[in-house]
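What follows is one structure encoded as structure tokens, with my remarks underneath.
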2 protein chains.
Amino acid sequence: MNIGQAAKKSGVPAKTIRYYEEIGLIPPAGRTAAGYRDYADAEVETLKFINRARSLGFSVHDVGDLLALWRDRGRASADVRRIAQGHVAAVDRKIAELQAIKQTLEGLIHRCHGDDRPDCPILEELAPACCGSGGQGL
Amino acid sequence: MNIGQAAKKSGVPAKTIRYYEEIGLIPPAGRTAAGYRDYADAEVETLKFINRARSLGFSVHDVGDLLALWRDRGRASADVRRIAQGHVAAVDRKIAELQAIKQTLEGLIHRCHGDDRPDCPILEELAPACCGSGGQGL
DNA sequence: ATGCACCTTCCAGTCACTGGAAGGTCAAGC
DNA sequence: GCTTGACCTTCCAGTGACTGGAAGGTGCAT
């Protein structure tokens, strides 16, 4: 099957498949006589694997590690678990960061009357040295 | 004051200040006879403003809009509020996405015994067509 | 005069793609 | 056999927001 069909079956765009090949995440595909890339079902499964891992937010680097473990019949599940736990920790940090940002912003939005008058606690928070005076910087 | 001092006072790295100038977020700085960039306190305030807005996760594009509103003495606070609310909505979507990812991963990690045996529900979830068999793709 | 820390510009790399141009291939229809 | 259109190929460039490094000029103290 050609790259377009593999893309449709796997859900990974053709451009992205070529990109994954280029960076070495997947090995170079076989070629037809005309130079077209040629894929079997097994490669499509690999692409689906990559797609699912990426949609869970694993970096392409981590996906490479997961693929290697997937291919290794003798792998220890602890190795997979470790990668997943590291990723959950990173996700947790990101969530905490975003929640802090959200809280700050919601407090500011709550205090901003949001009408056609110029005074705005949001800008005042961003520029505490010159509350509401405008045009200090440039 | 030169760029290094402005960087120290504002918390924005010198490289990043040059970058902000290059993309037009801040106007070109004045220059000394020798060609060094020269900053006054007002420019440092602008950089602090940018730094705070960026740390709240506003895109550089949004920061440009906020800066313009800050400089506009007649701005409507509603305009600022709208930008902030749009950003909160984006932050919310991101949080929800990350929480979904986290839940999925935690469920998988919980089911993975994480020892030196090869069977692992995490890989099985990523490759449902060939649970635990290994090496299907390449 | 020499050293060192600072400044300048420009180019390249990060991450994970994505778009587009220029040109080759395949299959269908006439 | 020829055209048409949808595919494929490679290569280059751009995204966002920086960051690192090289090569060379400047400022100041000794």
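Worth saying up front: this structure is predicted, and the values here are computed from it rather than measured. Chain identifiers are assigned alphabetically (A, B, ...) following the order of the sequence lines, protein sequences preceding nucleic acid strands; residue numbering begins at 1 within each chain. Because only heavy atoms are used, hydrogens play no part in the values below, and waters and symmetry mates are left out as well, while side chains stay in.
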N/O donor-acceptor pair under 3.5 Å between B/Q85 side chain and B/R82 backbone: no
End axis versus end axis in the helix from C/dA1-D/dT30 to C/dC30-D/dG1, the angle rounded to 10°, five pairs used at each terminus: 30°
Spacing between A/E22 atom CD and C/dC17 atom P, to the nearest angstrom: 12 Å
Side-chain (A/Q99) to main-chain (A/A96) donor-acceptor, under 3.5 angstrom: no
Under 3.5 Å donor-acceptor, B/S77 side chain and A/R117 backbone: yes
Heavy atoms of other groups near A/H113 NE2, more than 12 under 6.0 Å: yes
All N/O pairs under 3.5 Å across the protein-nucleotides 18-22 of chain D interface:
residue, atom, partner, partner atom, Å
D/dC18, OP2, B/Y20, OH, 2.6
D/dC18, OP2, B/R54, NE, 2.9
D/dT19, OP2, B/T16, OG1, 3.2
D/dG20, N7, B/K15, NZ, 2.9
D/dG20, O6, B/K15, NZ, 2.8
D/dG21, O6, B/K15, NZ, 2.2

Test side chain to side chain contact (heavy atoms under 4.5 Å, CB included) applied to B/D41 - qualifying residues, sequence neighbours left out: B/M1, B/K9
B/R31/B/D38 salt bridge by N-O under 4.0 Å criterion: no
Euclidean distance, atom CD1 of residue B/I17 to atom P of C/dT9 [Å, nearest integer]: 13 Å
Full working for side chain to side chain contact (heavy atoms under 4.5 Å, CB included) between A/V12 and A/I50: CA-CA 9 Å; A/V12 180; A/I50 293 171; 5.6 Å; no
Lys/Arg-Asp/Glu bridge criterion (N-O < 4.0 Å) met for A/E45, A/K48: yes
Whole-Å distance separating the OH atom of A/Y39 from the P atom of D/dC7: 16 Å
Any B/N2 side-chain N or O less than 4.0 Å from OP1/OP2 of C/dC6: no
Considering only nitrogen or oxygen atoms on both sides, find all protein atoms under 3.5 Å from nucleotides 23-25 of chain C and state each distance.
residue, atom, partner, partner atom, Å
C/dG24, N2, A/Y36, OH, 2.7
C/dT25, O4', A/Y36, OH, 3.1

Any donor-acceptor N/O pair, B/R111 side chain to B/P121 backbone, under 3.5 Å: no
Inter- and intrachain pairs under ring pair (Phe, Tyr, Trp, His ring centres under 6.0 Å), touching residues 73-102 of chain A, at least two apart: A/F58-A/H87
Whole angstrom value for the distance that separates P of C/dT14 from CD1 of A/I23: 11 Å
OP1 or OP2 of D/dT10 under 4.0 Å from side-chain N/O of A/R37: yes
Touch class at under 4.0 angstrom, heavy-atom based, for B/T32 against every strand present: nothing
A/L108: which of A/E124, A/E125, A/Q103 passes side-chain contact (heavy atoms from CB on, under 4.5 Å): A/E125
Side-chain donor or acceptor of A/R81 paired with backbone N/O of B/C112 under 3.5 Å: yes
Length of the line joining A/K94:NZ and C/dC15:C1', which is rounded to integer Å: 14 Å
Integer-rounded Å distance: C/dC7 C1' and B/M1 CE: 16 Å
Donor-acceptor pair, side chain of A/R37 and main chain of A/I3, under 3.5 angstrom: no
Between C/dC17 (P) and A/L47 (CG): distance, integer Å: 12 Å
Which nucleotide in C/dT8, C/dC7, D/dT10 has an atom nearest any side-chain atom of A/R18: D/dT10
Shortest non-hydrogen contact from A/G57 toward B/I101: N-CD1, 4.2 Å
Whole-Å distance separating the CD atom of B/E21 from the P atom of C/dT9: 8 Å
Give every pair of a protein N or O atom and an N or O atom of nucleotides 28-30 of chain D that lie under 3.5 Å apart, one pair per line with the distance.
none

